[in-house]
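A quick write-up on the structure given underneath.
This is a predicted model, so every value here is computed, not measured.
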Amino acid sequence: MSNVTWKNVPTRTIAVGGVPFVYRELGPDSGVPVIFLHHLMAVLDDWDPRIIDGIAAQRRVIAFDNRGVGASGGSVPDTIEEMGRDAIAFIRALGFKQVDLLGFSLGGGVAQMVALQAPDLVRRMILAGTGPKGGGGIDEINRVAAVAYLKAALTWSDPRNFLFFPRTPEGKRAAKDYFARLKERTEGRDKPISLQARRAQLQAIKTAGLSAPDDLSVIKQPVFVANGDRDLMVASSLSADMARRLPNARLTIYPDSGHGGVFQHYRAFVPAVLDFLAD
């Protein structure tokens, strides 16, 4: 199985409360698995292969589409609390008693819900490009996203060029490389995100941004918080605030990078994650 990587690993399906959830699994078949929770409007094929394969070289990695996302059945709920409950149900359906979590952006919010709702299920957690509930700035995020989508439409490009990476020479190179990596898998690709999923996820983010903050002091597990220093979607100050409120957190802010800082700096991020999970 050493020749199996993110670009050719088969997609599996498991029934969760009668609803089919799709997932892919890589790495050793023992040890505490790392569950990946992806970003707004993302499906399985939006994970950076360098991060998946890099972590799977030493750890059991499972990435999945939550309810209503990609090829998974059902409809996407419009709160991150419910998304967290669905993630918990998926993890338990696989039979795991304890997992590590890696959540990016919206997935980081869902990871926090898993830790708050089922603390015994979570051993360690990586929160990348994300912030706390009630972090504020939701109107600014919507404006930034709208501008990025307009630029993408005018240039026939992916809005993540503008949302994930700074428009510097280095940022543009990182974006080009990132999108090339996303195309490495050519067969057995996931279904695209649906309109219902897009709307529900946007509503969930808006609701979370306008909600009262969670008491993060009850999350005692070790947490690795990472972001770029030029994140237009979730300001690095929000990531720093979240790290301060978590009792056992470490914070890394990657230089000259945006919301996709962990993708731009995957060569540093992957070893940092493996070191953190090995502690």
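For the atom pair Ile91 CD1 and Phe96 CZ, the distance stands at 9.0 Å (nearest 0.5 Å). With rounding to the nearest 0.5 angstrom, the CZ atom of Phe164 is 4.0 Å from the CZ atom of Phe104. Atoms CG and CE, from Leu195 and Met41 in turn, are 9.0 Å apart once rounded to the nearest 0.5 Å. Atom CZ of Arg244 is separated from atom OG of Ser237 by 8.0 Å, given to the nearest 0.5 angstrom. Expressed to the nearest 0.5 Å, how far CD1 of Ile253 lies from CG of Asp229 amounts to 7.5 Å. Remark: Arg160 CZ to His39 NE2 distance equals 5.0 Å, nearest 0.5 Å.
For the pair Leu102/Leu277, no side-chain contact is recorded, criterion being any heavy-atom separation below 4.5 Å from C-beta on. For the pair Val16 and Asp86, the minimum side-chain heavy-atom distance is 4.5 Å or more. Side-chain contact between Arg230 and Asp256 is present, with at least one heavy-atom pair separated by less than 4.5 Å. Two residues are said to be in side-chain contact when any heavy atoms from C-beta on lie closer than 4.5 Å; Glu184 and Arg50 meet this criterion. Gln264 has its side chain within reach of Pro166: a pair of non-hydrogen atoms, C-beta onward, lies under 4.5 Å apart. Using a 4.5 Å cut-off on side-chain heavy atoms (C-beta onward), Thr5 and Pro49 make no contact.
Nearest approach of Val270 to Gly54, heavy atoms of both residues: CG1-C, 3.7 Å. Closest approach of Lys133 to Ala212, counting heavy atoms only: CE-O, 3.4 Å. Contact detail for Ala197 and Gly68: the closest heavy-atom pair is CB-O, 3.8 Å. Pro10 approaches Arg24 most closely through the heavy-atom pair O-CG, 3.7 Å. Ser236 approaches Gly228 most closely through the heavy-atom pair CB-O, 3.4 Å. Scanning both residues, Asp231 and Gly129, for their nearest heavy atoms gives OD2-CA, 4.2 Å.
Between the Ser211 side chain and the Gly134 main chain, no donor and acceptor come within less than 3.5 Å of each other. When atom types are taken as modelled, the side chain of Asp53 and the backbone of Trp6 share a donor-acceptor pair closer than 3.5 angstrom. Using a distance-only test at 3.5 Å, with no hydrogens or angles considered, no donor-acceptor pair links the side chain of Arg59 to the main chain of Ala278. In this structure a side-chain-to-backbone donor-acceptor pair under 3.5 Å is missing from Arg85 to Met113. Under the 3.5 Å distance criterion, the side-chain polar atoms of Ser239 are matched with a main-chain donor or acceptor of Thr130. For Gln112 (side chain) and Gly108 (main-chain N/O), a donor-acceptor pair under 3.5 Å exists by modelled atom type. Listed for the Gln201 side chain is no donor-acceptor partner under 3.5 Å among the backbone atoms of Val76. A side-chain donor-acceptor contact under 3.5 Å links Arg185 to the backbone of Glu187. Checked by atom type and distance alone, the side chain of Arg245 pairs as donor or acceptor with a backbone atom of Asp214 at under 3.5 Å. The closest donor-acceptor contact from the side chain of Arg167 to the backbone of Asn161 lies under 3.5 Å.
Side-chain heavy atoms closer than 4.5 Å link hydrophobic residues (I, L, V, M, F, W, Y) into clusters, and following such links, even through other members, never connects Leu232 to Phe162. Leu202 and Leu150 are members of different hydrophobic clusters when ILVMFWY side chains are connected at heavy-atom separations under 4.5 Å. Val32 and Val122 fall into different hydrophobic clusters, where Ile, Leu, Val, Met, Phe, Trp and Tyr side chains are chained together by heavy-atom contacts under 4.5 Å. Note: the hydrophobic cluster containing Val147 does not contain Val234 (ILVMFWY, side chain heavy atoms under 4.5 Å, direct or indirect links). Hydrophobic clustering places Tyr178 together with Tyr149 (ILVMFWY residues linked when any side-chain heavy atoms are closer than 4.5 Å, directly or through intermediates).
Asn66 and His38 share no donor-acceptor pair across their side chains, judged by distance under 3.5 Å alone.
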Go through Thr207 and Asp78 one step at a time and tell me if the side-chain contact (heavy atoms from CB on, under 4.5 Å) criterion holds.
CA-CA 8 Å; Thr207 300; Asp78 60 4; over 6 Å; no

Are Gln221 and Met125 close enough, and set up right, to give a side-chain contact (heavy atoms from CB on, under 4.5 Å), and what steps lead you there?
CA-CA 7 Å; Gln221 294 92 333; Met125 188 159 54; 5.7 Å; no

The test is side-chain contact (heavy atoms from CB on, under 4.5 Å); show your working for Val223 and Asn248 and say whether it passes.
CA-CA 6 Å; Val223 182; Asn248 191 6; over 6 Å; no

Check against side-chain contact (heavy atoms from CB on, under 4.5 Å), Arg67 and Phe21:
CA-CA 7 Å; Arg67 183 184 302 270; Phe21 278 48; 3.8 Å; yes

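Between Asp29 and Arg60 there is no salt bridge, since none of the side-chain N atoms of the basic residue sits less than 4.0 Å from a carboxylate O of the acidic one. The pair Asp65-Lys191 fails the salt-bridge criterion, with no side-chain N (NZ, NE, NH1 or NH2) lying under 4.0 Å from an Asp/Glu carboxylate O. Taking a cutoff of 4.0 Å between a charged side-chain nitrogen and a carboxylate oxygen, Arg173 and Asp177 do not qualify as a salt bridge.
Shown are Ile55, Ile62, Leu44; of these, the side chain to side chain contact (heavy atoms under 4.5 Å, CB included) with Phe36 is made only by Ile55. Partner Asp48 forms a salt bridge (Lys or Arg N to Asp or Glu O under 4.0 Å) with one of Lys7, Lys183, Arg181 and no other, that one being Arg181.
Using a 30° and 60° split on the angle between ring planes, Phe90 and Phe64 fall in the parallel class, below 30°. The aromatic rings of His265 and Tyr254 lie parallel to each other, their planes meeting at an angle below 30°, with 60° marking the opposite boundary.
Both cation-pi conditions hold for Arg124 and Phe276: the charged atom is under 6.0 angstrom from the six-membered ring centre and inside a 45 degree cone around its axis.
Heavy-atom neighbours of Arg189 CZ from other residues, nucleotides or ligands within 6.0 Å: above the threshold of 12.
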